Each structure stands twice: as structure tokens, then as C-alpha cells.
**Q** 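Mind looking over this structure? Questions follow.
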Amino acid sequence: MPVLVGKKLGLIENKMHEQLILWLEENMTACSTKSLTGLSCFGCGLQRSVIHLLRGDFVESIIMYPPLIPFLLMMIALPLHLKFKFRHGAMVLKVMFILNAALMALNVVVKNIDHF
Amino acid sequence: MEENKALSDSEKPLDDVSQSKRPLPNATVTLILGIISIPFCCCYFGVISILTSVIALIVSSKDLKRYRENPDAFDRGSYKNLNAGRICAVIGLILGVIYIIGIILLFTFGFVTNFNPSTEEFQEIIKQFEELE
């Protein structure tokens with residue numbers, strides 16, 4: 001399934017894209033919180049999730065780090081709203097932000113649940 | 001409208017500028033800073049998130065006063081932006097504060113000794129404790 005999606009988007013055959021993924025996989029930065037305390041932080045799973053997303057693997061990406069896709073949507077919606085001034089743009093951004101924050105908090109709680 | 005068009009910028013009276021609905025000056029900055037605070041929650045123990053959201057709250061407080069003094073002078077859309085930015089900033093601030101307080105608590109209670117429960121060292125320590133019991 002992910003391969004199909006990737007092929008449809010023209011991502012799989014693209015060599016630059018593959019190199020980008022490889023480069024990202026090789027240069028993952030370690031989380032300071034994780035290495036210091038052993039607990040996951042708010043952003044743990046983000047890099048792996050981005051790599052899954054670049055492969056066109058949406059389900060894996062959502063499982064790895066649920067807030068990524070809402071966050072990207074929010075980052076697209078913000079400049080659009082600032083440029084075109086939608087009537088309910090501010091409210092939509094607010095709701096997206098709250099959803100994002102809730103997902104992040106939930107993500108941290110679920111990932112650290114073994115430690116409590 | 002035609003009269004306004006006829007007047008060039010230099011000829012416009014000052015009263016006309018103040019009465020026309022202008023946007024709040026810091027609404028956009030507040031919205032951007034408020035929303036930016038969430039990705040920065042992930043790094044440097046939430047310090048940057050706290051900084052951006054505090055700046056957003058400080059910057060927006062003046063505008064809020066200005067809007068409350070005469071709501072008719074300002075654009076309603078920019079006021080909505082300002083409010084949304086403030087709410088985002090508050091949430092970002094809460095998340096950042098929770099993060100940094102959690103880290104400080106972990107440090108003060110001596111919880112932080114580079115331990116990772118999955119490593120072999122930690123498993124050995126657990127075994128030793130079990131033997132003691």
C-alpha cells in the first residue's frame with residue numbers, strides 16, 4: 001500500500017527523494033530528554049514519523065507520531081490565513097492548535113505509561 | 001468611496017485615518033508566535049516555547065487594551081487573530097511549563113542518572129534488588 005501511494009505520487013522513482021530519506025535516516029539527532037532521563041518528550045518519534053511520511057507510509061507515520069499531520073496542516077493553514085484572511089480562519093487555527101496540543105500531550109502520556 | 005479615492009494620501013485628513021477600520025498592529029505577530037510555540041515544545045526542555053508564548057502575551061496585551069478602549073476603530077478580523085494567538089500562546093506556555101517543571105522535578109529527585117530501562121545495566125540493577133528481597 002505505501003509503495004503504491006509512493007509510486008502514484010512519483011516519489012519512489014525519484015533518486016533525490018531516496019537520497020534525502022537515506023540522509024535523514026543516517027543523521028537522526030538524539031533527544032536530550034530521552035538520553036538524560038529515559039523518558040519520551042513531546043517530540044519523540046517526530047523524525048521517524050517524518051521519514052515514514054516521506055516514504056508515503058501514512059498509517060505508520062500516524063502511529064509513530066500522531067500530531068505530525070495536523071501540525072503540517074496547521075503550518076500550511078497559517079500563511080494561507082494570513083494572506084487571504086478567511087472569515088473563520090482564526091477559529092480553525094485555534095481548533096487545530098488545541099487538537100495538536102492534545103495529541104502531543106496524549107502521545108507523551110502513552111509513550112511514558114510504562115514508567116509510572 | 002469616490003471621494004476617498006479622489007483624495008490622495010497626502011490630502012487625507014488625520015481623522016479619516018483614525019476612523020477607518022485598521023488592523024491591530026501586533027495581531028499577526030501574536031498569532032505566529034502563539035502557533036510557533038508548539039513545535040518548540042519539543043526541544044531544549046520547552047524553554048523556547050515559554051519564551052515565544054510569553055513574548056506573544058506581552059506584545060498582545062497592549063493591543064487588547066487598545067481594542068477595548070475603542071472597538072470600532074479596529075478591524076474585527078485582526079481582533080479574532082489576536083485572541084486566537086493569545087489562546088495558542090497560553091496553551092503553549094502551559095505545555096512548556098509542564099515540560100520544564102517535569103524535568104526540574106526529575107533532576108531534583110535524583111531520578112536522572114542516565115538510566116534507560118531497556119539497557120543491560122539497568123536490568124542488572126533490577127536483578128540485584130530482587131535478590132536482596
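Letters A, B, ... mirror the listed sequences (proteins, then strands); counts begin at 1. On a predicted model such as this, the values are computed, not experimentally measured, just so you know.
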**Q** Please classify the contact of A:M74 with chain B as side chain, backbone, both or neither, using a heavy-atom distance under 4.5 Å.
**A**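 Only the side chain of A:M74 comes within 4.5 Å of chain B.
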**Q** Between atom CG of B:L31 and atom NZ of A:K94, what is the distance when rounded to the nearest 0.5 Å?
**A**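 It comes to 10.5 Å.
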**Q** State, with a plain yes or no, whether a side-chain heavy atom of B:I32 is found less than 4.5 Å away from one of A:L82.
**A**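 Heavy-atom side-chain distance check passes, below 4.5 Å.
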**Q** Once you round to the nearest 0.5 Å, how far does CZ of A:F97 lie from CD1 of B:I35?
**A**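 It comes to 7.0 Å.
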**Q** Counting only heavy atoms closer than 4.5 Å, note whether B:S49 contacts chain A via side chain, backbone, both or neither.
**A**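 Looking at B:S49, nothing touches chain A.
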**Q** So which bits of residues 79-96 of chain B come within less than 4.5 Å of chain A, counting non-hydrogen atoms only?
**A**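 So far as heavy atoms go, B:K80, B:N81, B:A84, B:I87, B:C88, B:I91, B:G92, B:L95 are the residues that approach chain A to under 4.5 Å.
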**Q** According to a hydrophobic-cluster definition based on side-chain heavy atoms being under 4.5 Å apart (Ile, Leu, Val, Met, Phe, Trp, Tyr only), do B:V97 and B:L105 belong together?
**A**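 The answer is yes; both residues are in one hydrophobic cluster.
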**Q** Same cluster for B:I100 and B:L57 if Ile/Leu/Val/Met/Phe/Trp/Tyr side chains link at under 4.5 Å?
**A**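 Per the 4.5 Å side-chain linkage, B:I100 and B:L57 are co-clustered.
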**Q** Please tell me whether B:V47 and B:I98 are part of a single hydrophobic cluster in this structure, the criterion being side-chain heavy atoms less than 4.5 Å apart.
**A**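 Same hydrophobic cluster.
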**Q** Is there a path of hydrophobic side-chain contacts, each under 4.5 Å between heavy atoms, that joins A:M104 and A:L73?
**A**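 Yes, because A:M104 and A:L73 connect within a single hydrophobic cluster, where side-chain heavy atoms sit under 4.5 Å apart.
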**Q** Please look at A:M75 and chain B and tell me whether the side chain, the backbone, both or neither of the residue comes under 4.5 angstrom of a heavy atom of that chain.
**A**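 The side chain, not the backbone.
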**Q** Linking I/L/V/M/F/W/Y whenever any side-chain heavy atoms sit under 4.5 Å apart, do A:L20 and A:L53 land together?
**A**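 Same hydrophobic cluster.
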**Q** Can you say whether B:F45 sits under 4.5 Å from chain A via the side chain, the backbone, both, or neither, judging by heavy atoms?
**A**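 The answer is the side chain of B:F45.
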